[in-house]
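Since the structure comes first, as C-alpha cells, the remarks are kept for the end.
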Amino acid sequence: MIRISTIFIAICMVLVAASLGLVLYSMAGISGTESAIVALTALTFLILYNAVSMRLRDRTDVGGQIADLSRGTADLARQVAEFGRRLAAVEGRVVSANSAGADRIQAIVGEINELGVLVKELAVSVAGHEDMLSSGVPPAAAPVSKPEDAPPKEPPAAAAIEEKSVAVVAAAPVKIVEGPAPSRSQAQILTAVKNAMEENRIDIYLQPMVTLPQRKVRFYEAVTRLRDDKDQILSADDFIGVAEAAGLIGRIDHMVMLRCVQVLRRLMVRNKDVGVFCNVAAATLGNPTTFAQCLDFLEANRALAPSLVLEFKQATFRNLGPIETEHLAALAQRGYRFSVDHVTDLRIEPRELADRGVRFIKVPASLLLDQRQTSASDIHPSDLSDLLGRFGIDLIAERIEGERAVVDLLDYDVRFGQGFLFAPPRPLRPEGASATAAASPGKAQDTNGSGKIASVEDPGLGPPRTTGNAALARRAAGPPG
C-alpha cells in the first residue's frame, strides 16, 4: 500500500515542474511545447532525486537492523554455550556418581557371595561335628589341622573362594622342605597337583620389584608353589605343563587370583601405591569356560584393577587367536593392565602391545646387557626403555643377581628391577592374619656373588590381626574350644 507521504511528494513534484513550465512560457516567451519539455525534464530529475534519497535512507535503516540482529544472535550464542557447559558439568557428575555407585555395588555383591560361601562351609563343618557327636565319636578323635598345614579336605570351589588373610611364613613355623625335589614322573606330579588343589596346598610366594636406583618396593610378583603330602615344594616350571595337559591350570589360576586379591587388599591398607603382578597361563586365556569364571571374579574386584597387573608370557602375545584377543579386550575394558614376561628376544612392537593394554615388560638383565642383542634386534637395548616409555610401557629388568648389573642397567635408564639381589621370593601362609611383603621385617638380605647384601624396604605392615570376611567367619564359628 502506497504511503500518504509518497503521494504528497509526487503531487508536489508535479506542481513544481508545472510551475516551472508555466513561468518559462509566460515570462520567458518560450513556446508551449518547449515549456512542456522543460517541465517534464524537471519532473524527471525530481523523481530520480527522490528515488535515490529513499534508497539511501532504506539502506541505512536496514544496516541498523542487521547490526541489532547480529548483537542478538551473539547474545543467544553465549547463552547457548553457557547452558551447554552447565549441562556437560551435570552429565559428568551424574556419570561419576553412577560409576562410583556401580563399583560399590559390585564390591558389596562380591563380599556377599564370599560370605555366602563361608556360611555354607560353616554349616557343613557344624553338621560334621553334629554327626560325630551323635555317633559317639569324641571330638578329640576328629583330625586336627596343624598350624603349618592347610584346612583338611575342603571342596575345591570352597577352598578357592574362601577369603583368608595371609602372612609371611618364617622358616621356623612352617615345615617346608627347601631342598631340590626328587625326580618325579608325570603321573606323580599330576597326583600331587590334584591333592594340593583339594587340600588347599597351593602357596603364594612374593618377590618385590624395586625402583632404581632408590630400591624402594613398588610392586610384588606372586609366584605359585605347590606342596605335596611330604611338604616337598613343586615350582611352577615343574607342574604347569602337567596341569595344562590335564586341564587343571584354569582352576589353579583362579585360586591364585583369589590369593593375589587378598594380598593386595592387605597391602593397600598401608600403601595405596603398591601393586601385585599375577601370572595367568595361556590355556586359561583361551578357555572360554575357565576364563568366564576368572572374569566374573575380576569384575567383582574391579576397584582393584589399577593395582592388579595380569602377567602373560611373550609367546602368549605372539600366538593370540580370536578368542584370546577377545578375552584380553574384555579385561582391558574393565581397567586391568597387562605385563609381558619370559621375554626371549628384543623384537618388540610397543605400539601393538600398548593398544592391547600392556603397561609393563619384564626383560632378563642378562638379555638387556648381552652385546649380541645389538645386532639381533631392531633397537639397541640402551634405547629400549625410552622407546617403550613413549607408548606408556615401563621396562622392568628381572633376574638381577649382582651390583655390577644394576650399574649397567642404570645407564640404560631402567626404572624398575627384580631379582635375588634385592630379595628372593618369600612364602605366604594362608593361616595368617595379614598380608605382608615378600621381604622380612627391616631388610631382606641375600648374599650373592658380588659379596654385598641387598636390602629391600619393608612394607611396614603391622602386627597380624584378623579382619574382613575371616573375622566374620571366626565370629560366626564362635570362640575356639
Side-chain angles (χ1 to χ4, degrees), residues 1-106 302-303 305-306 322 325-326 328-330 332-335 337 349-359 386-393:
M1 184 176 181
I2 301 177
R3 293 179 295 180
I4 297 177
S5 59
T6 304
I7 297 174
F8 178 75
I9 291 172
I11 294 173
C12 290
M13 287 189 296
V14 172
L15 292 176
V16 169
S19 299
L20 179 60
L22 183 60
V23 169
L24 291 176
Y25 176 75
S26 60
M27 300 291 295
I30 300 174
S31 62
T33 304
E34 293 176 349
S35 300
I37 292 173
V38 172
L40 290 175
T41 302
L43 180 61
T44 302
F45 278 109
L46 290 174
I47 293 173
L48 290 174
Y49 174 77
N50 182 68
V52 171
S53 61
M54 291 180 63
R55 179 66 58 86
L56 293 175
R57 185 173 59 252
D58 292 341
R59 181 175 297 176
T60 302
D61 295 341
V62 170
Q65 293 175 358
I66 292 175
D68 294 340
L69 182 61
S70 299
R71 286 191 293 271
T73 304
D75 293 338
L76 182 61
R78 283 193 295 269
Q79 293 176 4
V80 170
E82 179 67 17
F83 283 126
R85 186 187 62 80
R86 294 180 181 178
L87 182 61
V90 171
E91 289 179 350
R93 286 195 293 267
V94 171
V95 170
S96 61
N98 291 340
S99 177
D103 292 341
R104 287 194 293 268
I105 290 174
Q106 291 171 358
R302 192 172 180 177
T325 302
E326 181 181 355
L328 277 179
Q333 184 180 6
R334 286 158 177 79
R337 302 179 296 171
E349 296 294 337
R351 183 185 301 276
E352 179 182 355
L353 293 177
D355 292 341
R356 294 187 184 277
V358 174
R359 294 297 176 265
D386 292 337
L387 175 63
L388 296 176
R390 296 172 197 164
F391 297 92
I393 301 176

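We use all heavy atoms of the structure for the numbers below, so side chains are in, but hydrogens, waters and symmetry mates are not.
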>> I need the Leu46 CG to Thr41 OG1 distance, nearest 0.5 Å.
In response: 11.0 Å

> Are the side chain of Asn98 and the backbone N or O of Val94 linked by a donor-acceptor pair below 3.5 Å?
Replying inline: yes

>> With rounding to the nearest 0.5 angstrom, report the CZ to CD1 distance, Arg59 to Ile66.
In response: 11.0 Å

>> Can you confirm whether Leu69 sits close enough to Gln65 that some side-chain heavy atom of one is under 4.5 Å from a side-chain heavy atom of the other?
In response: no

> Would one find more than 12 heavy atoms of other residues, nucleotides or ligands at under 6.0 Å from atom CZ of Arg351?
Replying inline: no

> To the nearest 0.5 Å, what is the distance between CG (Leu20) and CG (Leu15)?
Replying inline: 12.5 Å

> Looking at CG of Leu48 and OG of Ser53, how far apart are the two atoms once the value is rounded to the nearest 0.5 Å?
Replying inline: 10.5 Å

>> Give me the atom names and distance for the closest heavy-atom approach of Gly21 to Ser35.
In response: O-CB, 3.3 Å

>> Please check this pair: side chain of Ser99 against backbone of Val95, looking for a donor-acceptor N/O pair closer than 3.5 Å.
In response: no

> Does OH belonging to Tyr25 count more than 12 external heavy atoms closer than 6.0 Å?
Replying inline: no

> Nearest 0.5 Å, what's the CZ-CD distance between Phe391 and Glu352?
Replying inline: 11.5 Å

>> Can you tell me how far apart CD1 (Ile47) and CD1 (Ile9) are? Round to the nearest 0.5 Å.
In response: 12.0 Å

>> Can you list everything that forms a salt bridge (charged side-chain N to carboxylate O under 4.0 Å, His left out) with Glu34? Sequence neighbours excluded, please.
In response: none

> Which heavy atom in Ile393 sits nearest to a heavy atom in Val358, and how many Å separate them?
Replying inline: CG1-O, 3.4 Å

> Mind checking whether Arg356 and Thr325 have side chains closer than 4.5 Å, heavy atoms only?
Replying inline: yes

> Could you give all pairs that pass the side chain to side chain donor-acceptor pair (under 3.5 Å) test and reach residues 75-93, with sequence neighbours left out?
Replying inline: Asp75-Arg78, Glu82-Arg85, Glu82-Arg86

> Which atom pair, heavy atoms only, marks the closest approach of Arg302 to Gln333?
Replying inline: NH2-O, 3.4 Å

> With sequence neighbours excluded, what pairs up with Asp61 under the salt bridge (charged side-chain N to carboxylate O under 4.0 Å, His left out) test?
Replying inline: none

> Between the side chain of Arg337 and the main-chain N/O of Ala305, is any donor-acceptor distance below 3.5 Å?
Replying inline: no

